[in-house]
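Everything on this sheet refers to the single structure shown next.
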Amino acid sequence: MSYNLTAGAIEDIMGGSKVESPILQCLDWKKISSQQGADRFRLLLSDGVCSHSSAMLATQLNDKVTNGELEPNSVIKLDKYLCNTINGNRRVMILLEITVIAKGAQVGSRLGNPTPYKLGESKEAKVEQPVAKPVQNSISNNQQNKPQNSFYNNSSSKPFVAAQPSINGPGDSPVRVHPISSLNPYQNRWTIKVRVTSKSQIRTWSNSRGEGKLFSMTFMDDSGEIKATAFKDQVDKFYDMIEMNKVFFVKKGTLKTADKRYNTTDNDYEMTFNNDTEIIPCDDDTSLPTINFNFVEIGNLQSVEPNSNVDVLGVVKSVAEVSTITTKQTNKELKKRELELVDRGQVLVRLTLWGLEAENFNSMNNPVVAAKNVRVSDFGGRSLSCGSSSQLVLNPDIPQAHQLRGWYDSEGRNADFNAYSSEAAGSGSHSTNWKSFGDVKSQNLGTGEKGDYFTAKGTIVYLRKENCMYMACPQADCNKKVVDQANGYYRCEKCQKEFPNFKWRMILSANVADFSDNQWVTCFQESAENVLGISADELGKLRSENEAAFDKVFDESVFKSYVMTLRAKMETYNEETRLKVICLKATPVVAEDYHKKLISEIEQMLSI
DNA sequence: CCCCCCCC
């Protein structure tokens with residue numbers, strides 16, 4: 001097996017040429033530790049002729065190193081990369097997208113005989129291509145630290161020079177547009193061309209260090225996104241101008257390390273506007289990506305970690321009035337409004353809007369809403385809340401939204417929904433917490449204080465007939481076992497009373513299996529009656545009067561499948577602690593409903 | 001320079 005490295009690519013790239021999708025060998029990598037906790041990897045790349053160690057892996061690709069995909073000697077294709085100049089002459093490549101063509105172990109050793117690249121040294125005695133020369137003085141105010149030939153190797157048609165005359169003064173050269181991913185705190189001569197993909201409300205603060213107001217926003221271009229914040233004067237200057245989804249040129253802002261606690265973008269840096277910041281509207285609305293979503297299905301919110309942020313797509317089934325609440329901490333009055341969102345999984349979740357967004361939300365006719373970056377809370381099972389970095393988009397023009405619209409108008413409008421809600425916290429909300437029996441073990445369910453409630457589809461593989469029922473106190477609120485006095489009376493020790501009758505109660509041990517594992521579960525009265533399809537009273541009669549019929553009830557119940565509401569909890573008997581799983585409810589599988597759930601899970605998988 | 005994301 002031979003691998004064709006793009007010989008000469010490193011020299012060309014270092015010389016400033018644009019090389020499409022070069023194939024290089026990664027000879028080694030090195031972890032550059034940073035105080036921020038975000039590791040960065042520097043790669044030693046070779047094109048077979050030259051090697052060069054100034055290639056940084058974009059942090060979103062770190063897992064390629066950590067998961068072992070990019071081991072030394074791998075052959076890789078650079079699908080998307082940048083080349084920046086630092087300190088006037090040192091060039092650094094930033095790898096944004098790569099494909100590992102051959103694993104290091106497969107390649108085995110370094111290919112060719114690469115020697116380290118040195119600036120200005122040509123490997124061959126060839127005439128230098130004019131394009132490979134650093135661009136000199138083509139831009140007014142040329143600075144040492146300016147990225148002289150920063151380019152963005154995406155598609156062939158991406159303009160590197162803004163064709164927008166409005167930001168160039170008379171006689172100025174066209175302004176070079178930089179990708180967001182190239183911004184860093186060490187260079188301040190840049191212009192980015194970005195779309196606004198979120199915009200917060202204005203918020204005020206007052207603390208020991210002073211007071212003021214601010215708003216924040218997210219900018220996006222092909223290379224990534226960045227959070228930007230405007231304070232005080234800059235709020236007055238830019239708040240009205242910055243509009244969701246619009247495109248702007250932005251130049252001169254202060255870059256600092258992103259505080260990942262409050263910044264959900266994948267950018268290592270964030271921007272603060274300053275007195276020199278310029279923002280110029282741009283009417284080009286087509287060349288930049290628009291807000292993108294990574295939707296979690298409403299029914300899958302149960303498996304999302306509370307207090308994390310997600311994107312959700314749903315139909316607004318209902319809109320409540322605005323109400324006012326008072327915060328516990330500061331006694332501040334806040335306006336809120338609740339929306340109910342539903343999707344094809346037929347699950348309903350509540351989304352809370354705050355402040356002006358609550359007051360201004362005014363939409364009838366059950367719009368589809370795409371909610372970006374909303375916070376997941378575990379209140380009432382799961383609920384959603386908008387924060388400052390959240391963004392709602394009504395009736396977005398995306399395929400999933402159109403599908404959802406069609407579904408809602410044709411059937412969803414009249415469908416019943418499984419709601420995450422506080423009333424259902426004991427049962428209903430758990431009906432959407434699907435687990436497999438394999439999950440019960442691998443996720444250590446039941447180890448918590450309260451026990452874990454979940455839903456599983458299981459097939460009965462064995463029913464333990466022995467001791468599955470007992471004679472119980474006939475009092476309505478007492479289910480204690482009674483003692484047969486052998487004189488026609490039955491004594492309940494708890495009630496301290498003898499009765500001429502008793503009632504049958506069930507404790508049925510069932511072994512239930514799904515694709516992943518099997519599980520012993522205990523069914524008490526109701527769920528045992530569900531599973532056996534007969535009342536305890538009738539079964540009790542059969543037991544004493546017709547053993548064959550009694551056995552038949554069990555035989556016929558085996559290999560039937562049920563959707564079960566279960567509770568797993570560790571319990572201790574005689575100093576032995578083991579997991580006990582109780583079946584609270586068992587309903588025969590309705591194929592149509594269950595298949596809908598499977599289909600929505602498949603759709604969920606495909607949409608990622 | 002904020003850093004709150006609330007309430008049931």
Side-chain angles (χ1 to χ4, degrees), chain A residues 36-37 185 198-218 226-239 242 253-265 267 269-277 304-312 318-340 348-361 371-392 419-426 428-429:
Chain A
Q36 306 312 324
S198 81
K199 179 190 176 186
S200 79
Q201 299 170 36
I202 296 171
R203 190 167 62 83
T204 57
W205 84 88
S206 174
N207 60 28
S208 57
R209 287 182 295 271
E211 56 183 61
K213 60 182 171 183
L214 72 126
F215 81 102
S216 60
M217 68 220 87
T218 308
I226 191 164
K227 178 183 173 180
T229 307
F231 290 97
K232 301 175 186 176
D233 293 350
Q234 273 71 250
V235 175
D236 298 331
K237 205 163 159 186
F238 297 122
Y239 189 79
I242 294 289
T254 306
L255 274 299
K256 57 171 191 170
T257 305
D259 188 334
K260 290 294 181 187
R261 286 174 299 172
Y262 314 109
N263 185 329
T264 53
T265 70
N267 203 315
Y269 303 112
E270 60 191 35
M271 186 188 304
T272 303
F273 292 169
N274 59 41
N275 282 329
D276 297 324
T277 299
V304 172
E305 200 60 34
N307 304 322
S308 57
N309 291 321
V310 294
D311 303 344
V312 167
S318 77
V319 181
E321 293 299 310
V322 175
S323 60
T324 307
I325 60 119
T326 308
T327 62
K328 281 177 181 165
Q329 303 275 328
T330 56
N331 285 326
K332 205 167 57 175
E333 290 218 324
L334 278 176
K335 294 267 198 290
K336 69 156 188 172
R337 191 198 289 270
E338 309 274 4
L339 310 183
E340 286 184 320
L348 182 151
V349 72
R350 216 170 68 174
L351 171 65
T352 308
L353 311 186
W354 301 95
L356 278 175
E357 198 174 12
E359 296 190 61
N360 296 341
F361 189 90
K372 173 100 194 148
N373 249 323
V374 288
R375 192 180 172 88
V376 178
S377 128
D378 61 358
F379 181 77
R382 284 292 184 275
S383 54
L384 302 171
S385 176
C386 280
S388 66
S389 62
S390 304
Q391 194 64 49
L392 294 192
Y420 291 108
S421 71
S422 43
E423 300 86 70
S429 68

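Quantities reported herein were computed from a predicted structural model and do not represent experimental measurements. Letters A, B, ... mirror the listed sequences (proteins, then strands); counts begin at 1.
- Dashed line: the shortest gap from a side-chain N or O of A:Arg350 to OP1 or OP2 of B:dC8 is not under 4.0 Å.
- In this entry the distance linking CG of A:Asp259 with C1' of B:dC1 reads 13 Å, nearest Å.
- Judged by ring centres under 5.5 Å apart and planes tilted less than 30 degrees, A:Phe379 stacks against the six-membered base ring of B:dC8.
- Within 3.5 Å, a donor on the side chain of A:Ser388 pairs with an acceptor on the base of B:dC4, or the reverse.
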Apply the test side chain to side chain donor-acceptor pair (under 3.5 Å) to residues A:Thr264 and A:Asn373: give CA-CA distance (whole Å), side-chain angles for both, the deciding distance (0.1 Å), then the verdict.
CA-CA 8 Å; A:Thr264 53; A:Asn373 249 323; 3.2 Å; yes
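- The aromatic ring of A:Phe231 sits over the base of B:dC1, with ring centres less than 5.5 Å apart and planes tilted by under 30°.
- Counting all heavy atoms, side chain and backbone alike, A:Arg337 lies closest to A:Phe361 at NH2-O, 3.1 Å.
- Heavy-atom distances to DNA chain B give each of A:Ser377 and A:Ser389 a nearest nucleotide, and the one nearer the 5′ end belongs to A:Ser389.
- Judged purely by atom type and a 3.5 angstrom limit, A:Arg203 has no side-chain atom pairing as donor or acceptor with the backbone of A:Ser388.
- Note: CD (A:Gln329) to C1' (B:dC7) measures 12 Å, nearest angstrom.
- Side-chain atoms of A:Arg209 stay outside donor-acceptor range of the base of B:dC1, with no qualifying N/O pair under 3.5 Å.
- We find the CD-CD1 distance between A:Gln234 and A:Ile242 to be 11.5 Å, quoted to the nearest 0.5 Å.
- Evaluation of atom-type donor-acceptor distances gives no pair under 3.5 Å for the side chain of A:Lys332 against the base of B:dC6.
- When the C1' atom of B:dC5 is taken as reference, atom CZ of A:Arg261 falls 15 Å away, rounded to whole Å.
- The shortest distance between the side-chain N/O atoms of A:Lys256 and the OP1/OP2 oxygens of B:dC1 is below 4.0 Å.
- One can place CZ of A:Arg203 at 9 Å from C1' of B:dC5, the figure rounded to the nearest angstrom.
- Computed from coordinates, the A:Leu214 CG to B:dC2 P distance equals 9 Å when rounded to whole Å.
- Separating the NZ atom of A:Lys213 from the P atom of B:dC3 is a distance of 16 Å, rounded to the nearest angstrom.
- Atom-to-atom, CG of A:Leu384 to P of B:dC7 comes out at 16 Å; the value is rounded to the nearest Å.
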